[in-house]
2 protein chains.
Amino acid sequence: MVAGPLPVPSGPGKDRLRLWIRLLRASRTIEAELRERLKKEFDTTLPRFDVMAALYRVPEGMLMSDLSRFLLVSNGNVTGIVDRLVSEGLVARARRNGDRRTSMVRLTDEGTKSFAIIAAAHEGWIGELLGKVSEEDARRLTGMLTSFRSNWEGRE
Amino acid sequence: MVAGPLPVPSGPGKDRLRLWIRLLRASRTIEAELRERLKKEFDTTLPRFDVMAALYRVPEGMLMSDLSRFLLVSNGNVTGIVDRLVSEGLVARARRNGDRRTSMVRLTDEGTKSFAIIAAAHEGWIGELLGKVSEEDARRLTGMLTSFRSNWEGRE
DNA sequence: GCATAAAACTTTAAGCTTGAAATATTTTAT
DNA sequence: ATAAAATATTTCAAGCTTAAAGTTTTATGC
């Protein structure tokens, strides 16, 4: 997918391909840097961070299936990550009365405290890593990506 | 990392965080779609496609370490993917005379033929998935991402 | 009520991913 | 010439990831 520094040949349809390649390389570059820092500074991983970030927004918790949909990963995947977070005491599962198939997943107090610290560092890193992107470009880019998302969500 | 549809609180430094979240969600969304289609239509995977795309550009082949650097993944990772491609007859390793630590990796004829077909479909998919992005936005976005890359490569 | 479908979640197998340790080879410094 | 450092790659253990199959519970149709 990462088709690299070499230019994509020109022609019809090549503009969007070039955009996709750039987009993917940018996100992989930043992702790799974040992964490394999360490991070094906090001995954690990107997937764990993702799950905790999702739960942090919702103190009452989320269903596994909501978590999976929200994070754009498979449900089996979430099971494993949550298992590990539970065993580390950062996340708790609560069986519900209403529907015994589901369980509410939420951050523990320890998880909440722990995430707040990591999230602050994370925000700083992003500011640093994207520091060279001007405020105006950042807003413009965000706008374009937002409209991409709207279009995506509204497709057949 | 994917911090989701909910708005990031405003404040200093939040603009870039919001940009990062949008960027990551966009690329994960497209990546998931491509992965699914590669699997369904060609019974292959994104990492395999990435490796073959890298090699397709360079008929004489690449060193493992170049491949790893180019694809932004670890060298141990590339070993496994190339192993599988070799066992499928799509890729070949050639020990070199000059330096016996290294080996040149290249597409076989079968690999080249196979990749050309998949790449054509891939380009069509991207055109479809990014179809709602206007030509002008695509060029503008690409420009911003290109300048991001230049800045990144030239940092400290 | 009862069979059947649907939903929520877990398990499994195969493959991807990383960082660290191990191996083999070449280069550099003494 | 030899020891030490550097380079290229592989191996390994742990964790991430997916699709598919399995389990349990709830909803639906008759």
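Hydrogens, waters and symmetry mates play no part in the numbers below; they use all other heavy atoms, side chains included. Proteins get letters first, then strands, A, B, ... in listed order; numbering begins at 1 in each.
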Problem - Mutual orientation of the aromatic rings belonging to B/F148 and B/W152 [parallel < 30°, tilted 30-60°, perpendicular > 60°] - result: tilted
Describe the nucleic acid contact of [X] in one word from base, sugar-phosphate, nothing, applying a heavy-atom distance below 4.0 Å.
X	answer
A/R93	sugar-phosphate
A/S65	sugar-phosphate
B/R69	nothing

With the side chain of [X] defined as its heavy atoms from C-beta on, choose the nearest nucleotide among [options].
X	options	value
A/T102	C/dC9, C/dT25, D/dT25	C/dC9
B/E36	D/dA8, C/dT18, D/dA19	D/dA19
B/V73	C/dT18, D/dT9, C/dC9	C/dT18

Handout entry: Whichever of B/I81 and A/L63 has its nearest DNA chain C nucleotide further upstream toward 5'
Key = A/L63
Practice task
Could you pick out which residue, A/V78 or A/G98, lies toward the 5' side of DNA chain D when each is mapped onto its nearest nucleotide?
Solution key: A/V78
Taking only Lys NZ, Arg NE, NH1 and NH2, and the carboxylate oxygens of Asp or Glu, determine whether [X] and [Y] approach each other closer than 4.0 Å.
X	Y	value
B/D137	A/R16	no
B/R96	B/D99	no
B/E128	B/R37	yes
A/E31	B/R28	yes

Could you give the [atom1]-to-[atom2] distance, from [X] to [N], as a whole number of Å?
X	N	atom1	atom2	result
A/L46	C/dT17	CG	C1'	12 Å
B/R95	C/dT25	CZ	C1'	10 Å
B/F49	C/dG15	CZ	C1'	18 Å
A/R35	C/dT17	CZ	C1'	8 Å
B/F42	D/dA19	CZ	P	17 Å
B/K39	D/dA20	NZ	C1'	10 Å
A/D99	D/dT23	CG	P	19 Å
A/M64	D/dT23	CE	P	19 Å

Exercise for the section: May I ask you to check whether B/F115 and B/F49 place their ring centers less than 6.0 Å from one another? Expected result: yes
Practice task
Taking the six-membered ring of A/F42 (Phe, Tyr or Trp), confirm whether the NZ or CZ of A/R48 is under 6.0 Å from its centre and within 45° of its axis.
Solution key: no
Handout entry: Heavy-atom donor-acceptor pair, B/R101 side-chain to C/dA24 base, under 3.5 Å
Key = no
Exercise for the section: Tell me whether the OP1 or OP2 atom of D/dT24 has a side-chain N or O from A/R100 closer than 4.0 Å. Expected result: no
Exercise for the section: Would you tell me if any nitrogen or oxygen in the side chain of B/S74 comes within less than 4.0 Å of OP1 or OP2 on C/dT18? Expected result: yes
For nucleotides 11-13 of chain D, give me every protein contact, N/O to N/O, under 3.5 Å, one pair per line with atom names.
none

Problem - Sidechain-backbone polar pair: B/T108 side chain, B/L90 backbone, donor-acceptor under 3.5 Å - result: yes
